[in-house]
Amino acid sequence: MPHSNNGPAKKSSIAAKPRRVLIFDTTLRDGEQSPGCSMNLAEKLEVAQALAALGVDIIEGGFPIASVGDFEAVREIAKAVRGPVICGLARCNDADIDRAWEALEHAAHPRIHVFLATSAIHREFKLRMDKGEIVRRAVAGVRRAVSYCKNVEFSPEDAARTEPDFLCEVVEAAIDAGATTVNIPDTVGYATPTHMHNVIRTLRQRVPNIDKAVISIHCHNDLGLAVANSLAAVEAGAGQIECTINGIGERAGNCSLEEVVMAMRVRGDYYGCDTGIVASRLVPTSRLVSNITGMQVQRNKAIVGRNAFAHEAGIHQDGMLKERRTYEIMRPEDVGFARTDLVMGKHSGRAALADRARALGFDLSPEQLQMVFEQFKALADKKKEIYDSDIVSLITHQKTGEGGWRLVSYKMNCGTGRTPSVHLELAHDGEHVTVELDNAGDGPVDAVFWAIEKATGISATCNEFRVHSVSVGKDAQGEVNVQLLCDGQLYRGRAVSTDSLEASARAFLDAINRIWATRRLTPAAQPVGAAHP
Ligand code: KIV
Ligand code: ZN
């Protein structure tokens, strides 16, 4: 019988042991579902390792039947990542559940997560099933999952809009069938905190076998209430929170892991709960996910935004100098912000770099350190001062995406009132391809993108193009993020360089390489022809 983490929140500051709330991270499944956030296998593995180091209890690695990529990701994470429970999602049907188990079978601690919608609107319009059929399928799904593994989670999708009586009936049946966790999703972000509190309280009061399972909460952020709703559920006794790094996810996203965790930690006096999260890894993990997905974290985002601990007003600065706690409820270093920003220059050595990388949350292998050190030296020749953000960017840009095409060189001739000419050289599979274009595009970036399309034979629509400086000063590195639309799918690319046109070319190539890798996996998808004449 599973240990239930459910229980009432304690609202006193008496030193009782805090109730442990489980953190179920779904960055790699629900988070990855947000448009343009897809990650390749190496990136998913890296995020999964970072989540394990962060101390999450459960990692949802993907939805194995959804694609070969999802299947492989769950399978590789299950083999490689030790510590957390590894979970795979499945609908309540045999094929999904069998495939999920195939992906999970090597995990030290596997969990199958089955779901089926229960709200009237989903029953009537999406599933065309009556209540009896929903209960039968939910029970059959849970039973099949239990036949593979004892750790089974059941989610009545759109639970927050499901009639309370029916929700109680389905939850009771799922637990009877063997579900060890029952997750209550607010699939469309419709709930409010009081509503969510009532849903959990109702389940705890009316489902007779509720203590045989952990109650979990899964909130979407359509009304900006995902964190508040998750906390309300915890207050009502939920024992697991489903969340994502930086709150990424479908539409407006999911409950943000860093916010919900720090709310419980800073306000432990009120909630009487805590988690196993290593808070000092929050910022590095947030940066990693942001770099990999290209989803920038807004500057004023709670906990991990760049301004989260910046004090601008004179009165605040004065108060801070006298006593930090006047205007700070947690210390930046508690959540992983490095204490100083200006760090190194061209005379700094390898050991100092390794030290700084460790302080920033990266344990580099000797090979990684060597590569980063070489790039660090090259960068230090170009700019006098190297900032933490430069180092983070060097480390995270070591990940080379999917391989494929590489920029060898480019030459651009352009100026006011002239259409650019470009000479571009790329390498691919040991071969070099050169393209010359005269009067190309409406500016140098357009011209270089056009030349890359011509050289690679892959064309795409550029949906988004963002440049920002990684650190400060005129010599700062420029980071470019692009999002391309190709074969009906979004692909992102990013690159960094002190030459922002070179960064643009490499970011575009990074996205082109992802398209190329996808086409290799699904050969049916054919090039759609050049976007430019
Ligand atoms: O939002 C949702 O309902 C989900 C379920 C699959 C848990 O993501
Ligand atoms: Zn969801």
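Both counts, for ligands and for their atoms, begin at 1 and track the order of listing.
Each side chain to side chain donor-acceptor pair (under 3.5 Å) pair with one or both residues in residues 53-67, not counting sequence neighbours, appears once here: R20-D57, T26-E60, R29-E60, E60-H113.
Atom CZ of R466 sits in a crowded spot, with more than 12 heavy atoms from other residues, nucleotides or ligands closer than 6.0 Å. Surrounding OH of Y190 are at most 12 heavy atoms belonging to other residues, nucleotides or ligands under 6.0 Å away.
Closer than 4.0 angstrom to ligand 1 sit non-hydrogen atoms from R29, D30, H113, F115, S155, E157, N183, P185, T187, H218, H220.
In this structure, R91 is not positioned above the aromatic face of F115 in the sense of NZ or CZ being under 6.0 Å from the six-membered ring centre and within 45° of the axis. Note that R331 lies outside the cation-pi zone of F309, set by a 6.0 Å cut-off to the ring centre and a 45° limit from the axis.
Checked by atom type, the side-chain pair T27/T244 shows no donor-acceptor distance below 3.5 Å.
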Please report the C-alpha distance between Y491 and D510 in whole Å, then the side-chain angles of each, then the deciding distance to 0.1 Å, and finally whether the side chain to side chain donor-acceptor pair (under 3.5 Å) criterion is met.
CA-CA 9 Å; Y491 296 86; D510 185 26; over 6 Å; no
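For the Zn ion (ligand 2), the nearby protein N/O/S atoms, meaning those under 2.8 Å, are D30 OD2, H218 NE2, H220 NE2.
Ion pairing of R206 with D165 is present here, as a side-chain N (NZ or NE/NH1/NH2) and a carboxylate O approach within less than 4.0 Å.
Applying the salt bridge (charged side-chain N to carboxylate O under 4.0 Å, His left out) rule to D176 yields no partners; only residues at least two apart in sequence or on another chain are considered.
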